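Sequence lines set the chain letters: A, B, ... in the order given, protein chains first and strands last, and positions in each chain run from 1. Only a predicted model underlies this, so the values are computations on that prediction, with no experimental measurement involved.
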Amino acid sequence: MKALVWHGKQDIRCDTVTDPEIEDPRDAIIKVTSCAICGSDLHLFHNFIPAMLPGDIMGHEMMGEVMEVGSGVNGRLKKGDRIVVPFTIICGECDQCKRGNFSVCERTNRKKDLADKVFGHSTAGLFGYTHLTGGYPGGQAEYLRVPFADRTHIKVPSHLTDEQVLFLGDILPTGWQAAAQCDIEETDTVAVWGCGPVGQMTIRSAILLGARQVVAIDRLPERLSMAEAAGAITINFEKESVIGRLEDLTDGKGPEKCIDSVGLESHVSFGQPDTLLDRAKQMMMLESDRPHVLREMIYVCRPAGIVSIPGVYGGLVDKFPMGIAMNKGLTFRMGQTHVNRWTDDLLRRIEEGEIDPSFVITHTARLEDGPHMYNVFRDKQDGCVKVVLKP
Amino acid sequence: MNMMVRAADIARWPSDPKVTQTGRSSLTEAVRMARGLGWFSIGLGLFELFGARSLARTLGFRDSEWLIRGYGLREVASGLACLSVNPGPGVASRIAGDALDIVTLAALSRPDNPKKRNVELALLAVLGVTLLDMLCQADVSIRHSRGRSGSHDYSDRSGLPRRLKELRTELDSV
Ligand SMILES: NC(=O)c1ccc[n+]([C@@H]2O[C@H](COP(=O)([O-])OP(=O)(O)OC[C@H]3O[C@@H](n4cnc5c(N)ncnc54)[C@H](O)[C@@H]3O)[C@@H](O)[C@H]2O)c1
Ligand SMILES: [Zn+2]
Ligand SMILES: [Zn+2]
């Protein structure tokens with residue numbers, strides 16, 4: 001089959017690979033009908049997340065049709081079912097899964113020993129991600145083996161299109177969890193850094209969860225226009241002062257809730273001198289991440305406020321203003337998304353027409369064009385916000 | 001078949017799909033060239049750092065070892081920047097460095113310099129590399145620029161159909 005394969009920094013190829021097979025009774029094989037490129041894939045593309053190996057298949061946002069199921073799936077899934085695959089692989093039985101903490105499932109990381117050593121304790125297995133999370137082949141491919149398939153799936157009704165439901169597997173619940181964990185009250189100002197696909201979902205979630213005002217921060221006009229379309233107030237950080245505008249919008253008190261939908265690759269510019277230093281340190285391998293947004297959020301957030309971090313961080317950050325965070329009594333919430341925790345609620349909202357996540361798709365291409373689309377998405381060319389690939 | 005992939009297959013789960021044939025890469029010519037120049041820059045920089053004395057002698061450049069070491073440091077820094085995911089500034093810094101090298105060598109190419117011939121050869125080499133740097137710079141900025149991306153307008157993409165409908169009826173009723 002064809003698949004997008006990681007070969008090294010900025011080197012993703014559309015290769016021919018052997019077909020996946022059922023290995024375990026709980027497995028299923030799906031024929032992928034749609035998959036997408038995520039901002040997290042860009043971190044891998046740039047080789048900022050450790051433990052990728054040349055030959056790894058990319059992709060963790062995918063859906064398709066069930067072709068084959070193992071004997072242990074126990075009727076929970078059958079041939080012909082149409083499913084979205086959550087990017088977090090879950091067993092559904094361990095202590096964490098029982099609590100709904102799916103992204104830290106205790107059983108699905110098949111490289112648990114490695115993860116235990118590096119993280120202290122292992123987290124869940126993830127598709128198309130590093131070997132620290134199991135090194136499972138991803139879904140930017142024609143076929144995908146879904147381990148623990150009896151639990152790791154979201155069944156979707158046939159009257160909804162791929163485009164409407166595909167993002168149930170990652171960015172929609174990610175934006176939703178980012179907002180939900182802010183405990184939004186109707187008097188709140190929610191500031192969202194980053195208007196990429198995750199930021200866009202976050203903005204809409206914060207609005208649906210009843211925030212008084214949502215402020216969206218980015219520098220790309222087309223993405224800011226998309227944020228505005230949902231009703232957000234926008235700040236272009238290349239043109240105006242983020243802190244100044246946020247103070248103005250909150251009577252000088254700062255936003256109660258701050259959300260980082262940017263992650264470890266904050267934009268580098270002279271306007272934000274700390275990013276230059278971080279970039280230099282990254283090149284000399286003295287620091288792995290550029291935490292500019294975290295610094296800004298901690299500074300501007302209202303005391304006793306909540307800082308929510310869906311943006312991915314990979315390793316070590318420097319000059320983290322812990323003193324300010326501690327003295328202001330900020331609450332931090334973060335993590336890979338517990339996808340299935342939010343599925344029922346979000347699927348209902350899509351069916352009822354409350355949210356239609358397909359608004360974010362700007363480009364649809366063939367899987368073979370994937371390597372090129374990585375560059376288009378990365379360089380934000382041609383107004384690209386979200387790429388969907390059709391194998 | 002790629003050696004790296006074969007070697008990594010050992011660490012991969014035995015039954016996972018394996019690459020049998022490799023296809024077109026996302027790596028652009030522009031980035032490949034920038035990486036080539038980056039490694040060249042690092043090599044030259046290290047030579048200037050550690051071979052400053054013999055280089056000074058070859059060029060008839062007396063009492064200037066520390067200057068040459070400084071240039072070496074500059075080359076290494078530019079080289080690292082060329083290898084990064086955004087090679088543009090790295091290549092630009094190489095071009096600025098080329099200009100500095102040219103000025104320095106031109107000043108050394110005096111009739112009273114017994115090593116004038118060597119200096120001229122070096123100057124020729126630097127001019128050649130400068131040309132490559134400029135080609136690479138142009139390629140990177142064309143291939144990886146945003147173009148007119150910012151003119152796309154998505155203000156009709158609310159993604160909240162019900163809310164939009166409610167707002168419309170509200171508007172209609174006033
Ligand atoms: N927690 C999870 O489970 C989860 C799931 C999906 C994605 N993610 C992460 O979410 C993040 C965003 O993903 P995406 O797909 O939207 O990526 P993206 O790269 O398309 O978007 C990032 C956006 O941030 C903007 N930006 C950069 N620096 C900024 C700054 N200083 N201030 C404000 N905006 C800035 C960029 O212009 C860009 O529009 C990534 O780190 C990704 O890995 C996390
Ligand atoms: Zn993702
Ligand atoms: Zn579990």
Is there a donor-acceptor contact under 3.5 Å linking the side chains of B:Tyr71 and B:Thr104? yes

Regarding B:Ser25 and A:His7, do their side chains bring together a donor and an acceptor under 3.5 Å, going by distance alone? no

Region of B:Ala77 in contact with chain A, defined by heavy-atom distances below 4.5 Å: neither

Give me the atom names and distance for the closest heavy-atom approach of A:Ser269 to A:Leu276. O-CG, 3.9 Å

Which bit of A:Tyr143 comes within less than 4.5 Å of chain B, counting heavy atoms only: side chain, backbone, both or neither? neither

Does any heavy atom of chain B fall under 4.5 Å from the side chain of A:Glu352, the backbone, both, or neither of them? both

Under 3.5 Å, is there a donor on one side chain and an acceptor on the other for B:Asn86 and A:Arg378? yes

Side chain, backbone, both or neither: which part of A:Ile361 has an atom under 4.5 Å from a heavy atom of chain B? backbone

B:Glu166 and B:Arg163 ion-paired at < 4.0 Å: no

Where does A:Ile203 contact chain B at under 4.5 Å (heavy atoms): side chain, backbone, both or neither? neither

Return the option, out of A:Gly231, A:Pro20, A:Pro137, with the maximum number of heavy-atom pairs under 4.5 Å with chain B. A:Pro137

Do side-chain atoms of A:Asp218 reach the backbone of A:Leu220 as a donor and acceptor pair under 3.5 angstrom? yes

In terms of heavy-atom contacts, A:Ile57 and A:Ala141 come closest through CG2-CB, 4.3 Å

For A:Pro147 and A:Tyr136, the nearest pair of non-hydrogen atoms, with its separation, is CG-CE2, 3.6 Å

Counting only heavy atoms closer than 4.5 Å, note whether A:Met373 contacts chain B via side chain, backbone, both or neither. neither

Identify the heavy atoms of A:Gln140 and A:Asp41 that sit nearest to each other, and give their distance. NE2-OD2, 3.1 Å

Select one option (side chain, backbone, both, neither) describing which atoms of B:Arg35 are under 4.5 Å from chain A's heavy atoms. side chain

Expected output: side-chain A:Arg110 to main-chain A:Gly135 donor-acceptor under 3.5 Å: yes

Which atoms of B:Ser151 come close to chain A, meaning under 4.5 Å heavy atom to heavy atom: side chain ones, backbone ones, both, or neither? neither

Which atoms of B:Arg24 approach chain A - backbone, side chain, both or neither, heavy atom under 4.5 Å: backbone

Measure from NZ or CZ of B:Arg94 to the centre of the six-membered ring of B:Phe40 and say whether it is under 6.0 Å with the direction within 45° of the ring axis. no

Bottom line for B:Val31: the part with an atom under 4.5 Å from chain A's heavy atoms is side chain

Examine whether an atom of A:Glu228 lies under 4.5 Å from a heavy atom of chain B, and if so say whether it belongs to the side chain, the backbone or both; otherwise answer neither. neither

Part of A:Val376 lying under 4.5 Å from any heavy atom of chain B: neither

Is it the side chain or the backbone of A:Lys111 that comes within 4.5 Å of chain B heavy atoms, both, or neither? side chain

Cut-off 3.5 Å, side chains only: do B:Ser41 and B:Glu75 have a donor facing an acceptor? yes

Output the option from B:Arg143, B:Arg162, B:Lys165 having the highest count of non-hydrogen pairs under 4.5 Å with chain A. B:Arg162

Residues in salt bridge (Lys or Arg N to Asp or Glu O under 4.0 Å) with B:Arg53, at least two apart? B:Glu65

Hey, does the side chain of A:Gln381 reach the backbone of B:Arg146 with a donor-acceptor pair shorter than 3.5 angstrom? no

May I ask you to name which of A:Gln200, A:Arg145, A:Arg279 has the most heavy-atom pairs under 4.5 Å with chain B? A:Arg279

Please look at A:Asp56 and chain B and tell me whether the side chain, the backbone, both or neither of the residue comes under 4.5 angstrom of a heavy atom of that chain. both

What residues of residues 8-18 of chain A sit under 4.5 Å from chain B when you count only heavy atoms? A:Lys9, A:Gln10, A:Asp11, A:Ile12, A:Arg13, A:Cys14, A:Asp15, A:Thr16, A:Val17, A:Thr18

